[in-house]
Amino acid sequence: VTGAIRALAALTAALAFLPVWQQPTFRSVTEGVVLDVLVTERNRPVRGLTSADFHVTDNGVPQRVLDVSHETLPLDVHLVTDTSGSIHPALLQSLVRSVNRVRQQLRPKDRVSVLPFSHQVREQVWLTPAGDVGEIGLESTGGQTSLNDAIALALMTPLERNRRQMAIVFTDGFDTTSFMTEAATLDVARRSHVALFVVAAGDRKTLPARFLEEIAATTGGLAQIAQPVQAVEQHFLRALEDFRTSYVVRFVPNGVERGGWHDVSVRVTKRGRYQIRARRGYFGTR
Amino acid sequence: MAAVRPVICRAFCTLAIVLATLFWSIGTAAQQRSIDDLLKAYEAGDYQVLNRYVTTTGTFEQLRKELGSEKEGQLDGAMQRWDAERRPAHAVFMLELALVGSSRGWPHWLDVLSAGTRFLVIRPDLPGEHPEWDAFEVAWHKAAVALLQGIGRPDLLRQHGMLPLASRMGAEPAVGRMVDPWIALARGVNQEQFAKVPGAAEPLYVAAALGFYEVAARYPSTKAEALVRKAGLVLDMGSAADAIKSLDLIDGTSIADPDVAYWFHMQHGRALEALERFDDAQRAFELAAGLSPGAPSPHIALAALALKRDDRARSVEFARRARRHAAGARDPWWAYLSADYRLFGPRLVALRRLVK
């Protein structure tokens with residue numbers, strides 16, 4: 001019996017030092033991989049889908065969807081706004097209206113952060129319950145534009161169980177002063193759990209449009225170009241609405257290597273002409 | 001009686017208008033100052049005289065007209081008068097006038113700057129004949145180019161800064177040219193700025209910039225910055241190993257300019273990270289943070305590096321620190337592409353000393 005106990009103790013000790021399957025990119029270790037999935041049909045969110053309606057593959061290997069939830073988890077919304085020298089007063093006013101409209105749409109358990117940026121990215125409000133945040137004011141700070149740094153700092157935020165995180169980033173031009181290159185920022189986006197939505201004012205020639213579309217799509221978000229600037233508010237609200245109405249789809253990866261980049265694809269099996277938006281994958285740790 | 005009242009009213013109104021016009025003209029005459037009058041005040045040590053006086057585009061344009069111009073070596077206006085008794089003050093005053101126009105966003109400030117450049121370049125003596133004038137002229141051009149490097153317009157930097165110096169200055173000695181290796185560094189920066197313009201033919205500009213940096217790297221005064229900039233460019237082009245080779249030619253601890261030393265460690269960190277030498281990269285970013293504790297960029301770099309190493313807690317902590325630097329923080333990284341713009345202030349102060 002003593003031998004059996006010793007063997008069991010040794011086995012327990014050995015197991016304790018085995019590499020555990022750390023949750024790769026998203027929520028907690030035990031939750032597996034969690035994806036925010038927006039399903040629309042004719043530009044309208046589709047409701048009433050269940051786990052049986054989703055087909056998920058991880059590096060091409062079909063996965064069993066454990067559960068699906070819809071509009072139950074509270075949101076953390078990071079509002080990241082360009083206040084550099086190029087933002088003219090009318091645009092700044094439009095931005096102030098936009099961030100406050102988003103704040104008003106949030107629910108009591110939702111939280112909000114405000115990160116204005118020029119060459120410097122500053123924390124004006126940080127993960128504060130929406131109800132505790134009064135009218136948000138923004139000031140033109142002048143200076144240059146550290147767009148990539150601002151995106152990266154919004155994406156490198158604490159991972160919180162049972163909350164969903166998104167960032168809405170506003171800019172009107174190219175990056176001029178960031179330490180982060182576009183490639184490095186994209187790498188952060190691939191490792192982050194935050195869905196990135198970009199609202200950009202201007203036309204494609206005056207914006208890093210391809211980069212913004214790529215990085216937003218990587219995280220399951222969306223880049224929208226606001227033309228004219230009056231449309232900024234509408235794009236902010238659309239970003240919030242898209243994220244709010246996304247499904248939260250959970251699976252524990254099975255039959256795939258644990259480390260490295262995992263391509264994820266999501267499809268709805270139910271009949272219909274659905275458009276699906278979800279992050280493109282995640283980084284797993286060994 | 002009723003018929004007289006409008007006549008009296010009209011007379012009072014006319015008198016009021018005449019008096020107002022009279023007082024306005026007296027006031028205007030008292031306020032309007034000639035360019036020579038302002039120069040006199042400036043030479044007497046009132047370095048803010050232009051800042052106080054030139055508050056409207058009208059006054060700026062008035063002074064620009066008074067200043068005159070240069071066509072095929074012929075000067076007119078104030079410049080023609082000043083040419084007869086050239087003093088450093090004339091050129092420095094023009095730089096100050098250009099600065100006032102630039103700080104207020106008036107487009108013709110570049111014409112004033114160019115007039116200053118031409119005024120210096122067409123001086124009657126050749127480079128080499130009066131070393132003290134050569135030294136002054138080099139100092140002036142360095143300040144002017146520093147100002148131009150800060151506007152984020154490589155086309156204007158080339159037009160108003162680099163082209164006028166093309167045959168005037170060189171890194172290596174030549175007949176009729178002033179010598180300062182700084183010019184090679186400045187030409188490289190101009191090409192690097194072109195390379196960063198969205199949609200530019202980046203490899204062509206990078207190749208040109210690298211050529212200039214290799215020249216600048218031969219001289220002790222410009223070696224460190226040239227090699228750091230070269231490393232940054234080759235790293236951007238995907239060659240981290242070549243970046244390390246370039247940086248290995250510098251002793252990072254002996255770089256005199258603290259901003260260049262900071263850039264050295266930041267570029268070193270980037271290159272080491274690209275080679276997946278993560279511990280070394282972390283040390284490099286920490287050294288940069290030590291040199292410039294108020295700068296957010298090293299914390300952003302450390303946050304991204306920690307995330308890459310799956311150390312999410314440290315990543316979050318560094319990101320938090322980066323976001324919480326006080327408003328108005330100073331970060332030499334933000335000045336990297338505008339190069340000598342950070343030195344414009346000290347260079348202008350040095351020129352003012354020569355005015356006395």
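Residue numbers start from 1 in every chain, and the chains themselves are labelled A, B, ... in the order their sequence lines are given, proteins ahead of strands. Any value given below was found using the heavy atoms of this structure, including those in side chains, with hydrogens, waters and symmetry copies removed.
Taking all atoms of both residues into account, the shortest heavy-atom contact from B:A304 to A:V188 is CB-CG2, 4.1 Å. A:F179 and B:W333 make their closest contact through CA-NE1, 3.2 Å (heavy atoms, listed as atom of the first residue, atom of the second, distance). The shortest heavy-atom contact between A:W126 and B:R324 is CD1-NH2, 4.0 Å. Taking every heavy atom of both residues into account, B:I300 and A:M180 meet most closely at CG2-CG, 3.6 Å. Residue B:R312 comes nearest to A:T157 through the heavy atom pair NH1-O, 4.4 Å, listed as atom of the first residue, atom of the second, then distance.
Here the straight-line distance linking atom CD of A:Q144 with atom OG of B:S338 works out to 6.0 Å at 0.5 Å rounding. Of the inter-residue distances, the one linking B:E317 atom CD with A:M156 atom CE reads 12.5 Å to the nearest 0.5 angstrom.
A side chain to side chain donor-acceptor pair (under 3.5 Å) check over residues 195-207 of chain B, counting only residues at least two apart or in different chains, returns the pairs B:K196-B:D236.
For the set B:S297, B:S315, B:A327, B:A322, the entry with the most heavy-atom pairs within less than 4.5 Å of chain A is B:A327. When A:V121, A:L115, A:L153, A:D187 are compared by the number of non-hydrogen pairs under 4.5 Å with chain B, A:L153 comes out ahead. When each of B:G152, B:P296, B:P198, B:A335 is scored by its heavy-atom pairs under 4.5 Å with chain A, the top score falls to B:P198. Taking A:P158, A:A183, A:A150, A:A184 one by one and counting their heavy-atom pairs under 4.5 Å with chain B, the maximum is reached by A:P158. Chosen from B:P298, B:A306, B:A303, the residue pairing most often with chain A at heavy-atom distances under 4.5 Å is B:A303. Ranking A:T185, A:T177, A:T206 against chain B, the residue ahead of the rest is A:T177, based on heavy-atom pairs under 4.5 Å.
Only the backbone of B:A326 comes within contact range of chain A, with at least one heavy atom under 4.5 Å from a heavy atom of that chain. There is no contact between A:L155 and chain B, counting heavy-atom distances below 4.5 Å. The contact between A:S146 and chain B is made entirely by side chain atoms (from C-beta outward), counting heavy-atom distances below 4.5 Å.
For B:A243, the side chain to side chain contact (heavy atoms under 4.5 Å, CB included) criterion is met by B:A231, B:V234, B:L235, B:A271, not counting sequence neighbours. In this view, A:D110 and A:R244 satisfy the salt bridge (charged side-chain N to carboxylate O under 4.0 Å, His left out) rule, not counting sequence neighbours.
Within the 4.5 Å cutoff, no side-chain heavy atoms of A:T176 are placed close to those of B:L337.
Using a 4.5 Å cut-off between non-hydrogen atoms, no part of residues 208-222 of chain A approaches chain B.
Panel note: side chain A:Q120, backbone B:H325; a donor-acceptor pair is recorded below 3.5 Å.
Counting heavy atoms of neighbouring residues, nucleotides and ligands inside a 6.0 Å radius, atom OH of B:Y341 does not exceed 12 of them.
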